[in-house]
**Q** 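Have a look at this one.
Every chain is numbered from 1 and lettered A, B, ... according to where its sequence line falls, protein lines coming before strand lines. Given the structure is predicted, the values throughout are model-derived calculations rather than measurements.
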Amino acid sequence: MRIATWNINGVKARIGALVDWLERESPDVVLLQEIKSVDEAFPRDTIEGLGYNVETHGQKGFNGVAILSKRPLEDVVRGLPGGEGDDQARWIEATVMGDSHAVRVCGLYLPNGNPVDFGADGAPQRTGKYGYKLDWMDRLAARAAALLAAEMPAVMAGDYNVIPQREDAARPAAWEKDALFLPESRAAFRRILNMGFTEAFRARVEGPGHYSFWDYQAGAWDKNDGIRIDHLLLTPQAADLMTDVGIMRDERGREKPSDHVPVWVDLAA
DNA sequence: ATGGCAGAGTGGCTCTGA
């Protein structure tokens, strides 16, 4: 079972690229972020015509997540628990029945967190968008703990907006004051890994030069000035089923691309 | 060396993102 995550930066703008990619790669499950669409405007019929079941959690203008799956999706939940008053559409989960295992798949679009307010002492303040990011990561850790306690194959995948290590950025120095790379963001990400999750890509590939995002600005793609911020985190039961992982880098070089590319994992499920 | 973008919603620009 191939499970892919992709921040498509607008489903309306990306429908051509999305259909082309689904036809070419035919992943079993796709977790989409930044659909930038309300549920009613999502091109459901087009995707269903390619043989996918579709579940969306959208909103007007920005954010929005979705799950596409060739197999039926069960027990769909929209919204990350613990977010009373949080109306941003950033989380959706469902269960997919594989040939041998049921897999809980969770799609997430973690808040960017910029701009960051720095105090007089130069320390980042837990306020505004950065505070929202860290609060959201606390809620994510709570959901992650519950998934671990269920002791079943589960995947939390999406745009984490976190650069885990220096090797995950072409120019790490440029990100040192950025919400994606501040120590608190990285610690919150590491805290989830330390609970017992396996970051699929780094379980199999080491070294620098592997990115999932290149900014549209400043010729970032041409210079390979990228960062790795799209991740798949696996429970131990899912990690035991992992057979392969990859980043579909070439998608960034196609016509009218998203600024992110798909990242995927194969599970023997 | 440096600057450079793109999408959505609204209305001809602002907000948002990373």
**Q** Which nucleotide in the list B/dA6, B/dA8, B/dA18 gets nearest to the side chain of A/Y216?
**A**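 Nearest to the side chain of A/Y216 among the choices is B/dA6.
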**Q** Give the ring-plane orientation class for A/W221 versus A/W214, where under 30° counts as parallel, over 60° as perpendicular and anything between as tilted.
**A** perpendicular
**Q** Taking for each residue the nucleotide of DNA chain B bearing the nearest heavy atom, is the 5' side occupied by A/Q88 or by A/R14?
**A**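 The 5'-side residue here is A/R14.
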**Q** Under 4.0 angstrom, heavy atoms only, what part of the nucleic acid is A/D159 near: base, sugar-phosphate, or nothing?
**A** sugar-phosphate
**Q** Are more than 12 heavy atoms from other residues, nucleotides or ligands located less than 6.0 Å from atom CZ of A/R171?
**A** no
**Q** Does the gap between the ring centers of A/H210 and A/F201 come in under 6.0 Å?
**A** yes
**Q** If you check the A/K256 side chain, which of B/dA18, B/dG17, B/dG7 turns out closest?
**A**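 For the A/K256 side chain, the nearest candidate turns out to be B/dG7.
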**Q** Rounded off to whole Å, could you give me the NZ-to-P distance for the A/K12 and B/dA6 pair?
**A** 19 Å
**Q** State whether A/Y109 and A/R90 meet the cation-pi test: NZ (Lys) or CZ (Arg) under 6.0 Å from the six-membered ring centroid, and within 45° of the perpendicular axis.
**A** yes
**Q** Say we look at B/dG7 and B/dG11: how far apart would their C1' atoms be, to the nearest angstrom?
**A** 16 Å
**Q** With a 3.5 Å distance limit and no angle check, can you tell me whether A/T95 reaches the backbone of A/D75 through a side-chain donor-acceptor pair?
**A**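 Not a single qualifying donor-acceptor pair exists.
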**Q** Of the listed nucleotides (B/dA18, B/dG4, B/dT16), which one gets closest to any side-chain atom of A/K129?
**A**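 Nearest to the side chain of A/K129 among the choices is B/dT16.
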**Q** Measure the acute angle between the ring planes of A/F189 and A/Y160, then classify it against the limits of 30° and 60° as parallel, tilted or perpendicular.
**A**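 Taking A/Y160 first and then A/F189, their aromatic rings stand perpendicular (interplane angle over 60°).
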**Q** A/D230 near the nucleic acid: base, sugar-phosphate alone, or nothing, with a heavy-atom cut-off under 4.0 Å?
**A**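 Since no nucleic acid heavy atom lies under 4.0 Å of A/D230, the category is nothing.
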**Q** Nearest to the A/K60 side chain among B/dT16, B/dA18, B/dT10, which nucleotide is it?
**A** B/dT10
**Q** With a 4.0 Å cut-off on heavy atoms, is A/N9 in touch with a base, just the backbone sugar-phosphate, or nothing at all?
**A** sugar-phosphate
**Q** Take atom P in B/dG12 and the same atom in B/dG17, then report the distance between them in whole Å.
**A** 23 Å
**Q** Nearest to the side chain of A/I227, heavy atoms from C-beta on, is which of B/dG4, B/dA18, B/dT16?
**A**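 Of all the options, the side chain of A/I227 is nearest to B/dA18.
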**Q** How far does the P atom of B/dA6 sit from the matching atom of B/dA18, given to the nearest Å?
**A** 16 Å
**Q** Roughly how many Å apart are B/dC15 and B/dT10, using the C1' atom of each and rounding to a whole number?
**A** 11 Å
**Q** Atom CD1 of A/I35 to atom P of B/dA8: distance rounded to whole Å?
**A** 11 Å
**Q** Rounding to a whole Å, what distance do you find between A/R254:CZ and B/dA6:P?
**A**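 Distance, rounded to whole Å: 19 Å.
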**Q** Where each residue is assigned the nucleotide of DNA chain B containing its nearest heavy atom, which of A/Y109 and A/A218 is assigned the position nearer the 5′ end?
**A** A/A218
**Q** In whole Å, measure the gap between the P atoms of B/dT16 and B/dT2 for me.
**A** 30 Å
**Q** Quickly work out the A/I8 CD1 to B/dA18 C1' distance and round it to whole Å.
**A** 17 Å
**Q** Please report, rounded to the nearest Å, how far the C1' atom of B/dG7 is from the CG atom of A/D259.
**A** 10 Å
**Q** Checking all strands, does A/N161 fall into the base, sugar-phosphate, or nothing category for heavy-atom contacts under 4.0 angstrom?
**A**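 Sugar-phosphate: the residue A/N161, judged by heavy atoms under 4.0 Å, touches backbone atoms but no base.
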**Q** Using atom NE2 of A/H260 as one end and atom P of B/dG17 as the other, report the distance to the nearest whole Å.
**A** 11 Å
**Q** Grab the CG-C1' distance between A/D225 and B/dA1 for me, whole Å please.
**A**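 Those two atoms, CG and C1', are 15 Å apart.
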**Q** Counting side-chain heavy atoms from CB outward, which of B/dA18, B/dG4, B/dG7 is closest to A/K223?
**A** B/dG4
**Q** Taking atom P of B/dG7 as reference, at what distance in whole Å does atom CD1 of A/I15 sit?
**A** 14 Å
